[in-house]
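In what follows, a single structure is set out as structure tokens and then discussed.
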Amino acid sequence: MNVLILGSGGREHAFAWKLAQSPKLDNLFIAPGNAGTAQVGTNIEIGVNDFDAIKDFVLSNDIKIVVVGPEDPLVNGIHDFFLADDELKSVGVIGPKKDGAELEGSKEFSKKFMIKHGVPTAKYQSFTSTNLEDGYTFLETLQPPYVLKADGLAAGKGVLILDDLAEAKIELANMTNGKFGDASATVVIEEFLHGIELSVFVLTDGESYKILPSAKDYKRIGEGDKGLNTGGMGAISPVPFADEAYLQKVEELVVKPTVAGLKADGIDYKGFIFIGLMNDNGNPSVVEYNVRMGDPETEVVIPRIKSDLLDLFEGVANQTLHEKTFEVDERIATTVMLVSGGYPEAYEKGKVITGFDAIENGIPFHAGTKQEGDNTVTSGGRVLALTSFGETIKEALSYSFANAEKVNFEKKNYRKDIGFDLI
Ligand code: AMP
Ligand code: GLY
């Protein structure tokens with residue numbers, strides 16, 4: 001079977017690395033990919049939102065499954081585009097249609113969905129520039145800190161958490177007035193949830209589902225979870241406090257009503273659901289849904305899946321997921337992200353990366369890299385996710401950190417405290 005992966009980050013390298021091990025795979029292509037994906041498949045220079053070029057490539061290369069990495073093409077309707085085309089409609093697309101992608105594309109939609117289907121989540125109301133006064137009144141009913149979310153996609157920057165009521169009111173006005181463009185024309189204000197965050201991932205064919213390993217991501221640039229938000233500086237799977245009893249609760253209270261709710265609402269959902277949870281004393285509450293896998297969570301979740309990922313994707317495409325076996329490696333996986341100096345603010349690209357040969361007990365997943373002749377060079381803020389296994393978090397991290405020392409490029413930066421709160 002020939003497979004096309006869309007995307008170019010560490011998540012897509014982890015998918016490619018895993019799919020390349022499948023006995024069902026013939027040819028693997030990644031659009032546009034990076035220097036890492038080129039080691040396990042063939043990169044093609046097509047953008048993830050160039051649907052016409054993707055169509056031509058899929059037809060001329062007999063692609064049977066398209067795995068959509070990032071949310072953008074999903075929110076833009078790539079799955080609907082395939083279904084509406086007689087030549088493409090039999091191709092399996094891993095990722096929801098536009099209606100399902102709204103779970104990530106609109107915070108207001110996802111909050112309404114959760115309330116309607118009884119999924120535990122923080123109480124909320126949404127506002128626009130036409131009812132700002134009501135927004136101020138709602139803010140006055142809440143305890144600080146105040147959580148303000150742009151309804152639409154805002155490149156991960158659309159959430160403000162503010163301690164001061166006056167400031168929250170000013171920001172509400174700014175947001176509805178275009179602070180994040182159209183994305184913040186509607187603002188969701190919600191109650192602040194206390195607790196520790198973790199993520200649970202679900203793969204569904206619209207009928208049945210598999211719950212993938214849990215993971216915890218470290219989003220801030222600085223040690224001790226300080227400083228600016230990033231795409232993610234490291235991750236650990238599984239999360240120690242998410243034991244069997246807790247995950248059972250998550251399945252009953254969150255996963256089942258989510259999958260059943262999609263079906264009840266006529267949303268035929270095929271793909272990943274990334275559920276961001278806040279754990280408050282053993283009680284899960286949903287912070288957000290994403291309609292894709294997380295990055296760098298994928299770099300610890302996928303290596304722990306022992307089953308054939310292509311077989312599972314085939315099950316999603318044919319709605320036979322319930323027939324598939326699903327086995328998970330009991331060991332702990334950790335990943336430490338090497339980033340370009342200056343990230344998540346301005347940084348330089350094109351730095352030569354050395355030390356790949358010195359990596360021991362680890363898998364380097366490429367995030368922002370490209371091949372220039374004999375050199376692999378940096379081409380993004382997040383450069384490499386160094387994943388390792390261990391019997392304990394400490395052991396796995398010791399390999400990830402040792403490799404983070406050995407792999408080098410000018411102005412390399414990484415967090416030396418990934419997992420600090422779990423050890
Ligand atoms: P979101 O894009 O909705 O995931 O929000 C981004 C981040 O803001 C989350 O990962 C949390 O760390 C934080 N956050 C969002 N909503 C809440 C909430 N209701 N209470 C506490 N923290 C939140
Ligand atoms: N690591 C967080 C995300 O992928 O959204």
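The figures here come from the full heavy-atom set of this structure, side chains too, leaving out hydrogens, waters and symmetry mates. As the structure lists them, so they are numbered: ligands from 1, and atoms in each ligand from 1.
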Heavy atom under 4.0 Å from ligand 1: found in His194's side chain, backbone, both, or neither?
-> neither

Ligand-residue contact atoms, ligand 1 with [X], heavy atoms, under 4.0 Å:
| X | result |
| --- | --- |
| Glu190 | 16 (N), 17 (C), 18 (C), 19 (N) |
| Lys219 | 10 (O) |
| Lys107 | 1 (P), 2 (O), 3 (O) |
| Met278 | 21 (C), 22 (N) |

For [atom], which of the options [options] provides the nearest non-hydrogen atom?
| atom | options | answer |
| --- | --- | --- |
| atom 14 (N) of ligand 1 | Asn229, Leu160, Ile161 | Ile161 |
| atom 10 (O) of ligand 1 | Lys149, Glu197, Lys157 | Glu197 |
| atom 6 (C) of ligand 1 | Val159, Thr121, Val147 | Val159 |

Contact with ligand 2 for Gly294, non-hydrogen, under 4.0 angstrom = yes

Is the closest heavy-atom distance from Arg11 to ligand 2 below 4.0 Å?
-> no

Return yes if a side-chain donor-acceptor contact under 3.5 Å exists between [X] and [Y], otherwise no.
| X | Y | result |
| --- | --- | --- |
| Glu140 | Tyr136 | no |
| Ser285 | Thr121 | no |
| Glu251 | Tyr209 | yes |
| Thr387 | Glu299 | no |
| Asp265 | His117 | yes |

Hey, which atoms in ligand 2 end up nearer than 4.0 Å to a heavy atom of Phe274?
-> 3 (C), 4 (O), 5 (O)

Ligand 2 to Glu297, heavy atom cutoff 4.0 Å, flagged ligand atoms 1 (N), 2 (C), 4 (O)

Before signing off on this row, confirm whether Gly231 and ligand 2 have an N or O atom pair separated by under 3.5 Å.
-> yes

Quick one: does NZ or CZ of [X] land under 6.0 Å from the six-membered ring centre of [Y], within 45 degrees of the ring axis?
| X | Y | value |
| --- | --- | --- |
| Lys55 | Phe57 | no |
| Lys416 | Tyr414 | yes |
| Arg331 | Phe389 | yes |

Provide, to 0.1 Å, the distance between [atom] and the closest protein heavy atom, together with that atom's residue and name.
| atom | value |
| --- | --- |
| atom 3 (C) of ligand 2 | Arg292 NH1, 3.6 Å |
| atom 20 (N) of ligand 1 | Leu193 N, 2.7 Å |
| atom 2 (C) of ligand 2 | Asp217 OD2, 3.4 Å |
| atom 4 (O) of ligand 1 | Glu288 CD, 2.7 Å |

Rounded distance (nearest 0.5 Å) linking atom OG of Ser184 with atom CG of Asn174 | 9.0 Å

Measuring from Glu12:CD to Ser8:OG, what's the distance to the nearest 0.5 Å?
-> 6.0 Å

Mind checking whether Glu104 contacts ligand 2 via backbone (N, CA, C, O), side chain (CB onward), both or neither, at a 4.0 Å heavy-atom cut-off?
-> neither

Would you say Asp151's side chain and Lys107's backbone share a donor-acceptor pair under 3.5 angstrom?
-> yes

